[in-house]
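All values derive from a computational prediction rather than experimental measurement.
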Amino acid sequence: MQLEAGKKVYFLSDFHLGAPNYASSLEREKRIVRFLDKVSGDASAIFIVGDIFDFWYDYRSVVPKVYIRLLGKLATLSDNGVKIYFFVGNHDMWMNGYFEKEMHIPVYYEEKEFEFNGKKFLVGHGDGLGPGDHGYKFIKKIFRNPVCQWLFGIVHPTIGIGLANFLSRRSRAAAGQTDEIFLGEDNEWLITHCKEKLKEKQFDYFIYGHRHLPIDFRLNENSRYINLGDWLKYDTYAVFDGETICLKNYKE
């Protein structure tokens with residue numbers, strides 16, 4: 001895709017709406033909507049790279065009665081011609097057509113290649129990539145299994161959403177402060193993953209979320225790994241202006 005003059009591509013991830021409580025989630029949602037309002041004038045495309053929600057399940061006929069501001073804003077942007085791309089994360093992987101049908105937003109379950117102005121991007125949420133973390137990779141296969149998803153869907157939403165929110169809180173508590181520390185080039189598994197990908201094909205930019213830590217790491221002379229951070233603590237995003245990409249913090 002060749003961007004029109006003055007147009008930009010935005011990348012953001014890890015809103016985790018719903019966590020840790022209703023009040024703080026609502027304020028975060030309003031802040032994200034204000035950001036989307038601000039960039040709507042020059043945005044050619046917006047990538048939301050996973051974990052919009054702390055939990056989401058596409059029920060056949062039920063929509064959770066929250067997040068209406070963000071969902072409405074995404075629908076409006078899409079209707080106005082802004083291309084929006086959504087990548088599922090480990091907290092909102094159970095999508096089943098709602099975004100595609102109601103908002104015409106494509107949903108991706110794996111990392112995907114894009115090209116803007118001759119620059120090659122590889123974009124994905126980042127969960128389960130790179131070496132290690134075998135326990136999560138096993139659980140991810142279970143969560144992605146259609147039968148398991150169907151079984152969860154027949155549980156009443158009050159019970160299902162309550163259980164999912166409880167498990168999500170436990171998972172975050174177990175992670176502790178590790179997300180806030182850069183582990184070094186050799187121990188950051190997404191850096192390892194990027195390097196392996198570069199052995200197969202050249203990319204200018206690798207864009208991931210999941211890590212919750214803003215990172216701009218030069219892999220070699222021509223390639224960079226960008227981790228988008230989150231909106232729980234950092235309010236960070238990346239923007240490509242047609243020539244280069246920058247990691248920024250949203251300040252009102």
**Q.** Residues that Lys248 engages under salt bridge (charged side-chain N to carboxylate O under 4.0 Å, His left out), provided they are two or more places apart
**A.** none
Q | For Asp14, all residues meeting side-chain hydrogen bond (donor to acceptor under 3.5 Å, both in side chains), sequence neighbours excluded | A | His16, His212
Q: Working to the nearest 0.5 Å, report the span between NE2 of His125 and CD1 of Ile48.
A: 13.0 Å
Q: Provide the full list of salt bridge (charged side-chain N to carboxylate O under 4.0 Å, His left out) pairs with a residue in residues 234-243, sequence neighbours left out, each pair given once.
A: Arg31-Asp235
Q) Between CD1 of Ile32 and CD1 of Ile52, what distance do you get to the nearest 0.5 Å? A) 8.5 Å
(Q) So which atom in Gly18 and which in Ser25 form the shortest heavy-atom distance, rounded to 0.1 Å? (A) N-OG, 2.7 Å
**Q.** Partner set under salt bridge (charged side-chain N to carboxylate O under 4.0 Å, His left out) for Glu4, not counting sequence neighbours
**A.** none
Q | Heavy-atom check, side chain of Glu111 versus side chain of Tyr208, under 4.5 Å | A | yes
Q) What pair of heavy atoms forms the shortest contact from Ser223 to Gln202, and how long is it? A) OG-NE2, 2.8 Å
Q) How long is the gap from OG on Ser40 to CD1 on Ile46, to the nearest 0.5 Å? A) 7.5 Å
Q | Gap between atom CD1 of Ile84 and atom CD1 of Ile105 - 0.5 Å precision | A | 4.0 Å
Q: Mind checking salt bridge (charged side-chain N to carboxylate O under 4.0 Å, His left out) for Glu29 and listing every partner two or more places apart, or none if nothing turns up?
A: none
Q) Would a distance-only check, ignoring hydrogens and angles, find a side-chain to backbone donor-acceptor pair under 3.5 Å from Asn220 to Asn222? A) yes
Q) Between Leu213 and Phe182, what is the shortest heavy-atom contact and its length? A) CD2-N, 3.7 Å
Q) Mind checking whether Arg211 and Leu183 have side chains closer than 4.5 Å, heavy atoms only? A) yes
Q) From Phe35 CZ over to Lys251 NZ, what is the distance, rounded to the nearest 0.5 angstrom? A) 14.0 Å
Q: Please round to the nearest 0.5 Å and tell me the distance separating atom NE2 of His193 and atom CG of Leu198.
A: 10.0 Å
Q) Is any side-chain heavy atom of Asp216 closer than 4.5 Å to a side-chain heavy atom of Arg224? A) yes
Q) So Asp42 and Tyr10, side chain to side chain donor-acceptor pair (under 3.5 Å) or not? Walk me through it. A) CA-CA 10 Å; Asp42 66 5; Tyr10 291 89; 2.8 Å; yes
Q: Sequence neighbours left out, what passes salt bridge (charged side-chain N to carboxylate O under 4.0 Å, His left out) with Arg28? Give chain and number order.
A: none
Atom pairs and distances, donor-acceptor, side-chain atoms in residues 67-76, under 3.5 Å, two or more places apart:
residue : atom : partner : partner atom : Å
Tyr67   : OH   : Leu17   : O            : 3.0
Lys73   : NZ   : Asp37   : OD1          : 2.4
Thr76   : OG1  : Gly72   : O            : 3.0

**Q.** Nearest atoms (heavy-atom pairs only) where Leu219 meets Cys194
**A.** CD1-CB, 3.6 Å
Q: Kindly say whether Ala19 contributes a backbone atom to a donor-acceptor pair with the side chain of Asp54 at under 3.5 angstrom?
A: no
Q | Nearest non-hydrogen partners of Leu190 and Gly126, listed with the distance | A | CD2-O, 3.8 Å
Q: Output all residues satisfying side-chain hydrogen bond (donor to acceptor under 3.5 Å, both in side chains) with Tyr237, sequence neighbours left out; order by chain, then residue number.
A: none
Q.
Counting C-beta onward and ignoring hydrogens, is there a side-chain heavy-atom pair between Ser44 and Lys83 closer than 4.5 Å?
A. no
**Q.** Closest contact, heavy atoms only, Ser13 versus Trp231
**A.** O-CD1, 3.5 Å
Q) What pairs with Glu185 under side chain to side chain contact (heavy atoms under 4.5 Å, CB included), at least two apart in sequence or on another chain? A) Ile191, Lys195, Phe217
Q.
Quick one, Thr236 and Asp230 - any side-chain contact, counting heavy atoms below 4.5 Å?
A. no
Q. Do side-chain atoms of Lys197 reach the backbone of Leu122 as a donor and acceptor pair under 3.5 angstrom?
A. no
Q. When clusters are formed from ILVMFWY side-chain contacts under 4.5 Å, directly or step by step, what else is grouped with Val123?
A. Met1, Leu3, Val9, Phe11, Phe47, Val49, Tyr85, Phe87, Tyr108, Phe114, Phe116, Phe121, Tyr205, Ile207, Ile226, Leu228, Phe240, Ile245, Leu247
Q: Examine distances only and state if a side-chain atom of Asn117 and a backbone atom of Lys119 form a donor-acceptor pair shorter than 3.5 Å.
A: no
Q) Do Tyr225 and Phe206 have ring centres separated by under 6.0 Å? A) no
Q | Test side-chain hydrogen bond (donor to acceptor under 3.5 Å, both in side chains) applied to Lys201 - qualifying residues, sequence neighbours left out | A | Glu113
Q: Look at Lys30 together with Glu27 and state whether they make a salt bridge at an N to O cut-off of under 4.0 Å.
A: no
Q) Among all residues two or more places apart in sequence or in another chain, which pass the side-chain hydrogen bond (donor to acceptor under 3.5 Å, both in side chains) test with Gln2? A) none
